[in-house]
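Inspection log for the structure reproduced underneath, given as C-alpha cells.
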Amino acid sequence: DAMLAVRNQQLHIRQWPGALRTVVLVHGLASNCMTWEATASALSAAGHAVVSVDQRGHGRSSKPEGGYGFDDVTGDLHALIQQLGLDRPIVAGQSWGGNVVLDFAARHPAAVSGIVLVDGGFIDLQAKPGATWESISLQLTPPALAGIPRAAMQARMQLVHANWSAAGVQHQLANFETLADGTIRPWLTLERHMLILRALWEQRVGKIYPQVTAPVLLLAAEEVSRERLVQKRAEVAAASALLRSCQVHWFADTDHDIHVQRPHETAALILQALASGFFAA
C-alpha cells in the first residue's frame, strides 16, 4: 500500500510487481481498489505489473468537497500514470470506473495502449426510456447503510452474493469504514455520490466512442432482468459499432461486479487480449 500525492490530494494505491506491461485497475462508484485484489494477483502471477487505485472520495484516498466530474477524475488518473512513470499501460475500469476509463482514453490517447470496460463504459443514463434526472437520481440514490454493524453487513453480502468467495466479500466490505463501535459507514458520502451520479447523467458516451483510438475489451454481465438485458445488449452493440476496435465477452449468471465474482476469468481475458496482440504494442 502507498499514498501518492496527486493534484493536491493523496491517492491510495496498491501495487504488484511484474516485468510485463502494466495494468491499471479503476473501481466503480462507491467501491474501492480492494475489489480488484484477486484479478490483480492473477495478472501479477502471469508477469504483469499492476496498480489499483482508490479514486478521490473513495476508500483511503483524500475526500475533497468537489472535483467529482470527469474533468477531475480523469485528471487524477492521468497524473497518477505520469507520476508512476507508466509507459502506455492497459487501463481497466468497472461500472462508473469504466466510464472514467473511456473518458480518459478519449482525452489522453497517447497515455494508454488498451482499455478494458468491465460492465461499464457504456452507461448512458439519459438513454433510458423516459429518463429524467429527477427519476434517475431517486432510483439510484444509495440506501442508508451507516450505522449497520459490520457483522450484519457481512452476513447480508454473503446471502446476496452466495457464489462469491469469502475474500471477495471482505474486499467489498472495504467500501466501508469500520468505526470503533463495530458499525460501518460508506467511505463515499451521499453528497459526493450524487455529484458523481450527476456527472454520469450528463456524460454522453455515444459522443465519446469515436474519439477512442485504443483497442477496447468490453466485458458485460447478464445479471439483469430480461427487459434490462435487451437494453443492455443494445448499449453494448452501440459501443461495439462506434468504437474503432472492440472485442466483447458476455458473462452468463454473473453479478455486475464481474471482477469480484469471476476474477480469474477477468484476468484470463485480459491476458488473452495481450497475448494475441489485440492491445497496441
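Just so you know, these numbers use all the heavy atoms, side chains as well, and skip hydrogens, waters and symmetry mates.
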How many angstroms lie between atom [atom1] of [X] and atom [atom2] of [Y], to the nearest 0.5 angstrom?
X    : Y    : atom1 : atom2 : value
Q154 : F176 : CD    : CZ    : 12.0 Å
L77  : F104 : CG    : CZ    : 4.5 Å
L274 : I270 : CG    : CD1   : 8.0 Å
D72  : T74  : CG    : OG1   : 8.0 Å
I13  : L25  : CD1   : CG    : 12.0 Å
I184 : L173 : CD1   : CG    : 7.0 Å

* Derivation and outcome, side-chain hydrogen bond (donor to acceptor under 3.5 Å, both in side chains), residues Q203 and Q126 -> CA-CA 9 Å; Q203 186 192 48; Q126 290 191 45; over 6 Å; no

* Asked: Partners of R198 by salt bridge (charged side-chain N to carboxylate O under 4.0 Å, His left out), sequence neighbours excluded?
  ->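 Expected list: E202.
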
Consider only side-chain N and O atoms of [X] and [Y], and report whether a donor and an acceptor are under 3.5 Å apart.
X    : Y    : answer
E227 : Q231 : no
T22  : H48  : no
W164 : D255 : yes
T35  : H259 : yes

Would a 4.5 Å heavy-atom cut-off, applied to side chains only, mark [X] and [Y] as touching?
X    : Y    : result
S240 : V248 : yes
L84  : Q15  : yes
P89  : R21  : no
L269 : F251 : yes
V91  : I81  : yes
R228 : K128 : yes

* With sequence neighbours excluded, residues passing side-chain hydrogen bond (donor to acceptor under 3.5 Å, both in side chains) with D76 ->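 Expected list: R7, Q9, R56.
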
* **Contacts of type side-chain hydrogen bond (donor to acceptor under 3.5 Å, both in side chains), residue Q211, not counting sequence neighbours** => none

* **Ring centres under 6.0 angstrom apart (H58, W96)** =>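 Ring-ring flag for H58/W96: true, centres closer than 6.0 Å.
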
ILVMFWY network linking [X] to [Y], side-chain heavy atoms under 4.5 angstrom:
X    : Y    : answer
L145 : M194 : no
L195 : W133 : yes
L29  : M34  : no
V230 : L125 : no
L188 : M3   : no

Around atom [atom1] of [X], are there more than 12 heavy atoms of other residues, nucleotides or ligands at under 6.0 Å?
X    : atom1 : value
R204 : CZ    : yes
K207 : NZ    : no
R60  : CZ    : no
N163 : CG    : yes

Any side-chain to backbone donor/acceptor pair from [X] onto [Y]? Under 3.5 Å, distance only.
X    : Y    : answer
Q55  : H27  : yes
T141 : S137 : yes
D119 : A221 : yes
S41  : E37  : yes
W36  : V26  : yes
N99  : I123 : yes

* Give every residue pair that meets the side-chain hydrogen bond (donor to acceptor under 3.5 Å, both in side chains) criterion with at least one member in residues 172-187, sequence neighbours excluded. =>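 side-chain hydrogen bond (donor to acceptor under 3.5 Å, both in side chains) check on residues 172-187 returns N32-N175, R150-T178, E177-R185, D181-T183.
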
* side-chain hydrogen bond (donor to acceptor under 3.5 Å, both in side chains) contacts in which one or both residues fall within residues 241-254, not counting sequence neighbours -> T254-R262

Quick check: closest heavy atoms across [X] and [Y], and the distance to 0.1 Å?
X    : Y    : value
S44  : V50  : N-CG2, 4.0 Å
L20  : A46  : CD1-O, 3.6 Å
I208 : D103 : CD1-OD1, 3.4 Å
V205 : G121 : CG1-O, 3.6 Å
A199 : F70  : O-CE1, 3.5 Å
I90  : S113 : CD1-OG, 3.5 Å

* Asked: In terms of ring plane angle, is the pair H78 and H108 parallel, tilted or perpendicular, where the classes change at 30° and 60°?
  ->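 Parallel.
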
* **Worked check of side chain to side chain contact (heavy atoms under 4.5 Å, CB included) between W16 and S52** => CA-CA 9 Å; W16 289 256; S52 64; 3.6 Å; yes

* **Residues R156, I148; criterion side chain to side chain contact (heavy atoms under 4.5 Å, CB included); working and verdict** => CA-CA 11 Å; R156 182 189 298 188; I148 294 175; 3.6 Å; yes

* Could you please spell out the steps behind the side chain to side chain contact (heavy atoms under 4.5 Å, CB included) verdict for L217 and L117? => CA-CA 6 Å; L217 175 62; L117 306 179; over 6 Å; no

* Pair I258-Q94, side chain to side chain contact (heavy atoms under 4.5 Å, CB included): steps then yes or no -> CA-CA 8 Å; I258 297 170; Q94 190 263 343; over 6 Å; no

* Check against salt bridge (Lys or Arg N to Asp or Glu O under 4.0 Å), E222 and K232 -> CA-CA 9 Å; E222 293 182 349; K232 191 173 188 179; over 6 Å; no

* Structure fact -> side chain to side chain contact (heavy atoms under 4.5 Å, CB included) filter on S135, not counting sequence neighbours, yields T132

